[in-house]
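Keep in mind the model is a prediction, meaning the values are calculated, not measured. Here is how names work: the chains are called A, B, and so on, in the same order as the sequence lines, proteins then strands, and each is numbered from 1.
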Amino acid sequence: MPELPEVETIRRTLEPCLIGQVVERVEVLRPKHLGNVSPADLARRLTGRRIEGVGRRGKYLLIHLEGGEVLVFHLRMTGRLIFYPEGASVTPYTRLVLGLTSPAELHLHDVRSFAVLWLTTEDKVAALPGLAALGPEPLEPSFTPQGLKAALAGRRSSIKSLLLNQQTVAGLGNIYADEALFRAGINPLRPGNSLTPEEVNGLWRAIREVLAEAISSGGTSFRDYVDGRGRPGAFQTRLSVYGRKGEPCRRCGTSLVGARLGGRSTVYCPRCQPLS
DNA sequence: ACAATTACCTGTATGC
DNA sequence: TGCATACAGGTAATTG
């Protein structure tokens with residue numbers, strides 16, 4: 001599941017490959033992935049354009065092209081964006097092919113077909129649905145302990161659910177929400193408004209630390225994720241709680257507990273993250 | 001305004 | 001061996 005560290009790793013691996021490439025061909029194999037544009041308009045607006053840069057906002061990947069066009073991707077859970085310098089044959093799950101300066105190609109691959117892409121322009125990117133209501137970037141100065149306190153004030157939902165809400169902070173998903181809460185020693189079931197100022201400070205720091213470390217490791221390859229060159233990340237060996245239900249806590253040895261919060265699997269240590 | 005639930009998808013793992 | 005079922009989860013839409 002590409003969360004912020006995975007999308008950032010894809011961005012970093014794709015950018016040097018894509019800058020300077022010219023889109024020569026657009027092949028839409030499954031139109032339902034197009035969020036706001038028809039296959040014909042996508043091809044018409046992209047063909048002949050040079051790629052100028054690759055950016056990221058939360059879990060959204062942004063490909064900037066000359067003329068102010070911006071191609072925005074959200075990979076949801078199983079989406080992959082892979083650059084093939086010599087091209088590649090399509091698979092049953094290839095959804096989009098951008099033919100670049102021959103013979104290079106960029107493929108969108110997605111088993112479950114949840115991924116969505118939009119074509120917009122520089123002046124309208126921030127207004128895209130999804131991007132418009134996004135909270136602060138956790139690794140930038142706009143994310144502050146005070147801002148996090150304000151976002152949690154008066155919220156009775158579980159802190160885990162609030163961290164998954166992209167309006168609280170952009171880019172956390174199920175993996176890093178659980179990991180940040182473990183590092184901060186906060187039980188995921190605690191209501192958001194029950195955290196003390198000191199706990200919010202610790203959570204703010206834990207979010208930034210775990211995301212930065214995961215980026216350094218090239219992301220977490222638990223199931224489907226690979227980077228922009230098709231290579232897996234390495235952070236899965238350093239996960240404290242995610243996917244470790246029933247296994248011993250790396251800090252105290254207590255058996256990790258699983259729960260379901262807002263329909264999502266949640267794992268925590270009942271001793272390091274007590275409820276009261 | 002906020003909170004909780006469901007739809008969208010399909011490969012993989014599990015149980016009988 | 002074959003079949004049915006649960007599960008993975010980000011976001012938007014729906015319901016309370």
Taking only N and O in the side chain of [X], is any of them less than 4.0 Å away from OP1 or OP2 of [N]?
| X | N | value |
| --- | --- | --- |
| A:Gln166 | C:dG10 | no |
| A:Arg260 | B:dA4 | no |
| A:Tyr93 | B:dC9 | no |

Specify the residue among A:Arg95 and A:Arg155 whose closest nucleotide of DNA chain B lies further upstream toward the 5′ end.
A:Arg155
Nearest-nucleotide 5' precedence on DNA chain B, A:Arg112 against A:Ser161
A:Ser161
Please confirm whether any donor atom in the side chain of A:Arg264 sits under 3.5 Å from an acceptor in the base of C:dT11, or the reverse.
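Per atom types, the contact qualifies.
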Any donor-acceptor pair under 3.5 Å joining the side chain of A:Arg156 to the base of B:dA3?
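Checked by distance alone, the answer is no.
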Contact class for [X] vs. all strands (heavy atom < 4.0 Å): base, sugar-phosphate, or nothing?
| X | answer |
| --- | --- |
| A:Ser113 | nothing |
| A:Met1 | sugar-phosphate |
| A:Gly263 | nothing |
| A:Thr78 | nothing |

I'd like to know whether A:Arg57 forms a side-chain contact (heavy atoms from CB on, under 4.5 Å) with A:Leu131, so could you lay out the CA-CA distance, the side-chain angles of the two residues, the decisive distance to 0.1 Å, and finally the verdict.
CA-CA 8 Å; A:Arg57 174 79 171 97; A:Leu131 282 169; 3.6 Å; yes
Do the ring centers of A:Phe222 and A:Tyr242 come within less than 6.0 Å of each other?
yes
Check the side chains of A:Tyr176 and A:Glu6 for a donor-acceptor pair under 3.5 angstrom, ignoring hydrogens and angles.
yes
To the nearest 0.5 Å, how far apart are NE2 in A:His109 and OG1 in A:Thr94?
5.5 Å
